[in-house]
Amino acid sequence: MVFESKIKTIEWVNDVSRMIDQRILPKEFKLVDVKTADEMYVAIKDMIVRGAPAIGIAGVHGVALAAIELSKTISDKTEFLNKLKTKAEYLKSSRPTAVNLMWGVDKQIELACHTDGSPDEITKVLIENGIKLENEDIEINKKMGDYGAEVVPKGATILTHCNAGALATVGYGTALGVIRSAYAKDPTIKVFADETRPRQQGARLTTWELTQDGIPTTLITDGMCSYFMSKGMIDMVVVGADRIAANGDTANKIGTYTVAIAAKYHNVPFYIAAPLSTIDISIKSGKEIPIEERSHEEVTHINGDWICAKDVNIINPGFDVTPNELISGIITEKGILRPDYKSSIMNAFENISMVRN
Ligand code: MRU
């Protein structure tokens, strides 16, 4: 497991948030130090850091960075908290779909509001909490990996879409965490990685991660998945999630829905791997999930070159929603949730609040 142990995707180091610049991988490996909340907004929006759990931690770090800045000039607690909340809302507006960002930012604001002491003392608590959540993210992914590995058939070829790996989290990954844990038990498993247009997270990031760990990986373009399913060459699909509604409808990278339809048609089990922080129980169904519309240039250009007619119309949603009836199971750190998702999701959350109370 070379990649897994090498480096954290995002890490708090000496009062900065250090992250891998994912825009330039795999050509170049570079670390970026994000020093202010405003820089964090840009890092999330421009996708220096991306993937739902990773931007959740970016939100956590962003609030800690805002607290460091504000505590330098503000000693009044009420004024400090009010300004911190304003920065928090700004951070949350950087990307709308992945609910982990809202989760991470809100967790920090709740903690700040319930902490006694001066702005300096609150800031210290927020930094410590950020480091704790970073480490928890890796532990959660490993638990998900263990649960998920149980449903991977021996010698399976697993299809994945986008990048739900170590790079989309602090480390280990959600969907790729399941693949890593399955591979540790059964080195005969193989992976098919969808390219994932327009930003090519599958081609650039998933293949980079998996090949470093020695996991046999075949890159295919997005339109090829049904062809390989029809040939009986795919045994299972596992993907990540950006937001899961209370009924199990799941938003993930654009193209996931197409894969899920193909999997249903060909009787291939289709799994989501996501931590409970990706489940938004405040929304009833996928219809309520906000879908990010991204720059048209992502579609019109490849590597800076125009690839289409100049006056063509463009539309570029970053995510789609897979209806719950296409999902065989949702792999979480508390076990695998099965249909009926309304009940299994509710039970998972009730069990957590029973443990916390
Ligand atoms: O636009 P991105 O690259 O942030 O989208 C990422 C995805 O859609 C991932 O599949 C999802 O966040 C799950 S990551 C564990």
Side-chain angles (χ1 to χ4, degrees), residues 4 9-10 19-25 43-59 94-104 137-138 140-145 148 158-180 193-206 208-210 222 237-244 250-260 270-280 286 289-295 298-299 316-322 327 330-333:
E4 182 224 322
T9 294
I10 175 165
M19 57 184 71
I20 299 174
D21 188 343
Q22 300 195 38
R23 298 166 305 176
I24 51 179
L25 281 173
I44 299 169
K45 199 171 181 59
D46 283 0
M47 293 172 68
I48 295 175
V49 60
R50 38 81 33 212
I55 66 173
I57 297 299
S94 54
R95 292 193 79 188
T97 303
V99 75
N100 308 59
L101 173 61
M102 326 309 158
W103 168 89
D137 175 84
I138 298 178
I140 286 171
N141 293 338
K142 290 195 169 160
K143 279 188 193 149
M144 259 188 280
I158 306 169
L159 179 93
T160 190
H161 187 77
C162 192
N163 172 268
L167 289 167
T169 59
V170 178
Y172 204 67
T174 59
L176 298 195
V178 169
I179 289 170
R180 286 194 161 93
D194 273 354
E195 171 192 25
T196 318
R197 271 285 285 153
R199 288 187 70 103
Q200 293 159 315
Q201 290 93 330
R204 294 191 301 106
L205 308 176
T206 295
W208 185 74
E209 268 192 41
L210 292 180
D222 296 346
V237 177
V238 61
V239 296
D242 289 86
R243 195 186 292 227
I244 302 172
T250 295
N252 191 48
K253 180 52 53 198
I254 193 78
T256 304
Y257 181 25
T258 312
V259 176
F270 178 94
Y271 284 91
I272 300 290
L276 291 179
S277 56
T278 304
I279 302 180
D280 183 355
I289 299 176
I291 301 294
E292 180 181 12
E293 175 69 23
R294 293 197 56 87
S295 140
E298 290 183 350
V299 178
N316 183 22
F319 302 90
D320 57 27
V321 176
T322 299
I327 300 170
I330 301 175
I331 303 162
T332 75
E333 69 273 32

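Quick note: numbers below take in every heavy atom, side chains included, and nothing from hydrogens, waters or symmetry partners. In listed order, ligands and their atoms are each counted from 1.
Arg50 and Asn163 share a side-chain donor-acceptor pair at under 3.5 Å.
In the displayed structure, Tyr257 atom OH is contacted under 6.0 Å by at most 12 heavy atoms of other residues, nucleotides or ligands.
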Any protein N or O within less than 3.5 Å of an N or O in ligand 1? List each pair with its distance, or say none.
unit_1	atom_1	unit_2	atom_2	d
ligand 1	1 (O)	Arg95	NH2	2.8
ligand 1	1 (O)	Lys253	NZ	2.8
ligand 1	3 (O)	Arg50	NE	2.8
ligand 1	3 (O)	Arg50	NH2	3.2
ligand 1	3 (O)	Gln201	NE2	2.9
ligand 1	4 (O)	Gly51	N	3.0
ligand 1	4 (O)	Arg95	NH1	2.9
ligand 1	8 (O)	Asp242	OD1	2.7
ligand 1	8 (O)	Asn252	OD1	3.2
ligand 1	8 (O)	Lys253	N	3.2
ligand 1	10 (O)	Asn252	OD1	2.6
ligand 1	12 (O)	Ala52	N	2.8
ligand 1	12 (O)	Asp242	OD1	3.3
ligand 1	12 (O)	Asp242	OD2	2.9

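With sequence neighbours left out, Gln201 forms a side-chain hydrogen bond (donor to acceptor under 3.5 Å, both in side chains) with no residue at all. Applying the side-chain contact (heavy atoms from CB on, under 4.5 Å) rule to Asp21 yields the partners Arg23, Ile24, Lys30, Val32, Ile48; only residues at least two apart in sequence or on another chain are considered. For Asp222, there are no side-chain hydrogen bond (donor to acceptor under 3.5 Å, both in side chains) partners at least two apart in sequence or on another chain.
Here the OG1 atom belonging to Thr97 is positioned 6.5 Å from the CG atom belonging to Asp242, to the nearest 0.5 angstrom.
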